[in-house]
Amino acid sequence: MRVALTFDAEHPDRPHAPPGVAEQILSILRAQQVPATFFLQGRWVEAYPHLARQIAADGHRIGSHSFYHVRMPLLSDEGIRADVMSAEQTITAVTGISPKPWFRCPWGQCEDDDRVHRTLTALGYRRVGWTVQSGDWDVTQTPRDMEQTIFGADTANHSDVIVLMHTWPASVPAALPAIITRARGAGAVFVPIDRLDLSPDAMARVPGTAHIEA
């Protein structure tokens with residue numbers, strides 16, 4: 001099984017977001033030699049350019065998570081284009097790497113919106129969802145809860161798994177070492193997003209319902 005750990009790097013909107021979480025995540029990934037994919041919000045990159053550059057320097061894949069983290073279906077076509085292009089320009093200028101073609105919609109709110117899909121496609125992007133939600137944004141989730149959420153027994157037919165996490169909850173770096181160890185013990189291989197089968201048939205799964213079997 002191939003597993004892509006993906007992290008949405010965005011300004012937090014929950015109370016459990018102490019300083020230094022993103023730095024801890026990067027340190028763990030570096031020590032464990034795990035490649036990951038980071039979807040960067042443009043405003044976050046402006047606020048934390050040193051972290052964005054470190055993500056790139058560590059060799060992780062970079063995608064776009066929009067500029068303002070707005071709900072894309074609420075924007076006009078021109079609004080979508082302006083937001084996505086602002087994010088692309090900022091990410092590229094700071095990291096030296098274009099986020100194309102990878103795009104994750106804020107809150108995943110474009111998976112069933114043909115208009116948003118067409119606009120993103122015209123801009124050269126592919127939407128990337130997830131198959132496993134960690135639930136890290138929930139203030140009641142402990143690191144152990146996150147681990148239990150990610151692991152389960154219903155991925156027997158899944159060769160590729162995309163795990164959704166964020167760079168701001170304190171529970172993420174606390175849970176990450178155990179998640180990595182347990183996944184490797186189950187035979188999982190960690191890969192960046194471009195190493196997965198992202199064909200429509202392979203990705204025709206309901207987000208958040210799959211787990212890593214261990």
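- Arg71 places no side-chain N or O within 3.5 Å of a backbone atom of Pro106 that could act as its donor or acceptor partner.
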Inset, instruction - Check the pair Thr149 / Ser134 against side chain to side chain contact (heavy atoms under 4.5 Å, CB included), numbers first and verdict last. - result: CA-CA 6 Å; Thr149 298; Ser134 66; 5.8 Å; no

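- For the atom pair CD1 (Ile179) and CE (Met165), the distance works out to 5.5 Å, reported to the nearest 0.5 Å.
- Within the structure, side chain to side chain donor-acceptor pair (under 3.5 Å) pairs that include any residue of residues 31-42 comprise Gln32-Arg184 (at least two apart or interchain).
- Cation-pi geometry between Arg182 and Phe151 is met: under 6.0 angstrom from the ring centre, within 45 degrees of the axis.
- Scanning all heavy atoms of the two residues, the minimum distance from Asp136 to Ser171 falls at O-OG, 3.9 Å.
- In this structure, Arg195 places its CZ atom where only 12 or fewer heavy-atom neighbours from other residues, nucleotides or ligands lie under 6.0 Å away.
- Annotation: side chain of Arg104 is in contact with side chain of Leu164 (closest heavy-atom distance under 4.5 Å).
- Residues Tyr125 and Lys100 form a side-chain contact, since some pair of their non-hydrogen atoms from C-beta on lies under 4.5 Å apart.
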Inset, instruction - Decide side chain to side chain contact (heavy atoms under 4.5 Å, CB included) for Val161 and Leu196; before the verdict, give the C-alpha distance in whole Å, the side-chain angles of both, and the deciding distance to 0.1 Å. - result: CA-CA 8 Å; Val161 172; Leu196 300 184; over 6 Å; no

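- Minimum heavy-atom separation, Pro73 to Arg115: O-NH2, 3.1 Å.
- Thr131 OG1 to Asp160 CG: the interatomic distance, rounded to the nearest 0.5 Å, is 8.5 Å.
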Inset, instruction - Walk me through it: do Arg43 and Glu46 pass the test salt bridge (Lys or Arg N to Asp or Glu O under 4.0 Å)? - result: CA-CA 5 Å; Arg43 281 199 317 122; Glu46 285 187 338; over 6 Å; no

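- With a 4.5 Å cut-off on side-chain heavy atoms, Arg61 and Phe38 do not count as touching.
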Legend entry - Stepwise side chain to side chain contact (heavy atoms under 4.5 Å, CB included) test for Ile62 and Phe39: CA-CA 6 Å; Ile62 290 176; Phe39 292 93; over 6 Å; no

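- Rounded to the nearest 0.5 Å, atoms CZ (Arg81) and OG (Ser86) are 13.0 Å apart.
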Inset, instruction - Begin with the C-alpha distance, continue with both residues' side-chain angles, and end with the deciding distance and a verdict on ring-ring contact (aromatic ring centres under 6.0 Å, His included) for Trp107 and His69. - result: CA-CA 8 Å; Trp107 293 284; His69 202 261; 4.5 Å; yes

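- Remark: the backbone N or O of Thr142 is paired with a side-chain donor or acceptor of Asp145 at under 3.5 angstrom.
- For the pair Met1 and Val3, the minimum side-chain heavy-atom distance is below 4.5 Å.
- Under the 4.5 Å side-chain heavy-atom criterion for grouping Ile, Leu, Val, Met, Phe, Trp and Tyr, Val45 is connected to Val21 within one hydrophobic cluster.
- Across all non-hydrogen atoms, the minimal contact from His11 to Ala47 is CE1-CB, 3.7 Å.
- The shortest heavy-atom contact between Phe103 and Val84 is CE1-CG2, 3.8 Å.
- A single hydrophobic cluster is not seen to contain both Val128 and Val116; linkage of ILVMFWY side chains at heavy-atom distances under 4.5 Å, directly or through other members, places them apart.
- Taking 4.5 Å as the limit, every side-chain heavy atom of Trp130 sits out of range of all side-chain heavy atoms of Val163.
- Judged by distance alone, the side chain of Asp58 and the main-chain N or O of His60 form no donor-acceptor pair under 3.5 Å.
- Within the 4.5 Å cutoff, no side-chain heavy atoms of Thr167 are placed close to those of Asp8.
- Leu74 and Leu120 end up in different hydrophobic clusters when Ile, Leu, Val, Met, Phe, Trp and Tyr side chains are linked at under 4.5 Å.
- The structure places NE2 of His166 at 6.5 Å from CH2 of Trp137, a figure rounded to the nearest 0.5 Å.
- Note that CE of Met72 and CG of Leu75 are 5.5 Å apart. Values are rounded to the nearest 0.5 Å.
- Side chains of Gln89 and Phe67 form no contact here, defined as non-hydrogen atoms less than 4.5 Å apart.
- A continuous path of hydrophobic side-chain contacts links Tyr48 to Ile28 [ILVMFWY only; heavy atoms under 4.5 Å].
- Between Leu40 and Ile91, the shortest heavy-atom contact is O-CD1, 3.4 Å.
- Rounded to the nearest 0.5 angstrom, Leu123 CG and Ile80 CD1 are separated by 9.0 Å.
- Closest approach of Thr90 and Gly42 over heavy atoms only: CG2-O, 3.7 Å.
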Inset, instruction - List the steps, then state whether side chain to side chain contact (heavy atoms under 4.5 Å, CB included) holds for Glu88 with Ser64. - result: CA-CA 7 Å; Glu88 180 180 324; Ser64 175; over 6 Å; no

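- With a 4.5 Å cut-off on side-chain heavy atoms, Met146 and Val172 count as touching.
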